[in-house]
Structures are given as C-alpha cells and as structure tokens.
Amino acid sequence: AKWYRKAAGRGYADAQWALGNMYYNGDGVPQAYMMAHIWFNLAATNGHDLGADYRDKVAERMTPAQIAAAQSRASACFNSNYRDCE
C-alpha cells in the first residue's frame, strides 16, 4: 500500500484506482468503503476508465450520509493536492 499511496498522492489515476481496490477488498489495508469511494472517485476525476464504475459499485454498500462524507473528503483531498486524503 505504501507505494500505491505515494503514487496516488502524486495524482496517478492507476495508483488511485489500485488503492481504492485495496480498501474495497481489505487487501493490505483495513477494509474501508469510505476510503475506497474516495480513491475511486479521485481515479475517475483523473481519467481512470474504471474509476466511476467502481465508485458507484462501492456506493451501493454505503448510506447516503457516508457517500456525502466520502465525496466531501475526496474534494478536500483533491483541493489539497492530495495532502489531506487519509
């Protein structure tokens, strides 16, 4: 997760998608749908072909309040140049 996090923090959409997938599955990190949603959303924003599909897939497992919080955090992450993401 360390290297994906570094690359994701530099705006690489593939790394952002991979990190989202790790959080979705709990692979090397604790499973966290909110974090998965954040990273899938950022991947989609940065042009990853599957980012939006996976963001929507994880959203099916979240409440509307959780989705709104994830969207807010993704926006803060993006606006902080990936410094406020975790």
Side-chain angles (χ1 to χ4, degrees):
K2 176 183 175 183
W3 296 110
Y4 283 117
R5 194 170 278 114
K6 283 185 140 216
R10 290 191 168 95
Y12 292 103
D14 287 341
Q16 292 168 338
W17 181 87
L19 196 53
N21 202 42
M22 291 173 75
Y23 276 112
Y24 182 77
N25 292 307
D27 184 21
V29 296
Q31 184 188 43
Y33 292 142
M34 181 176 289
M35 293 306 299
H37 191 285
I38 291 166
W39 287 112
F40 287 144
N41 197 8
L42 291 166
T45 298
N46 287 309
H48 195 282
D49 292 341
L50 299 174
D53 290 339
Y54 278 72
R55 178 198 59 216
D56 295 344
K57 179 181 172 182
V58 74
E60 293 174 4
R61 298 176 176 260
M62 298 169 68
T63 66
Q66 290 170 324
I67 294 167
Q71 289 171 335
S72 177
R73 287 186 61 191
S75 180
C77 176
F78 185 80
N79 291 331
S80 72
N81 200 27
Y82 307 105
R83 289 188 183 95
D84 186 25
C85 301
E86 294 291 323

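Under the ring-ring contact (aromatic ring centres under 6.0 Å, His included) criterion, His48 pairs with Trp17, sequence neighbours left out. Residues forming a salt bridge (Lys or Arg N to Asp or Glu O under 4.0 Å) with Arg73 (at least two apart in sequence, or on another chain): none.
Between Ala70 and Met62, the shortest heavy-atom contact is CB-CE, 4.1 Å. Nearest heavy atoms, Gly51 versus Ala44: C-CB, 3.7 Å. Of all heavy-atom pairs spanning Gly20 and Ala36, the tightest one is O-CB, 3.4 Å. Residues Cys77 and Leu42 share a closest heavy-atom pair of SG-CD1, 3.5 Å. Ala8 and Ala15 get closest at one heavy-atom pair: N-CB, 3.6 Å. Closest heavy-atom contact between Tyr82 and Gly11: CE1-CA, 3.7 Å.
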### Query
Would Asn21 and Phe40 satisfy side-chain contact (heavy atoms from CB on, under 4.5 Å), going step by step from the backbone distance to the final call?
CA-CA 8 Å; Asn21 202 42; Phe40 287 144; 4.2 Å; yes
Q. Between Met35 and Met22, is a side-chain contact (heavy atoms from CB on, under 4.5 Å) present by the stated rule, with each step listed?
A. CA-CA 9 Å; Met35 293 306 299; Met22 291 173 75; over 6 Å; no
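Interatomic distance, CD1 of Ile67 versus CZ of Arg55, reported as 10.0 Å (0.5 Å rounding). Taking CG of Asn46 as the start and CG of Asp14 as the end, the distance is 10.5 Å to the nearest 0.5 Å.
Although no hydrogens or angles enter the test, the distance criterion places a donor-acceptor pair under 3.5 Å between the side chain of Gln31 and the main chain of Tyr24. Checking side-chain atoms of Thr45 against main-chain N and O of Asn41 turns up a donor-acceptor pair under 3.5 Å.
Between Arg61 and Gln66 the shortest side-chain heavy-atom distance does not fall below 4.5 Å. With a 4.5 Å cut-off on side-chain heavy atoms, Tyr23 and Val58 do not count as touching.
Ile38 and Tyr12 fall into different hydrophobic clusters, where Ile, Leu, Val, Met, Phe, Trp and Tyr residues are linked whenever their side-chain heavy atoms come under 4.5 Å apart, directly or through other members.
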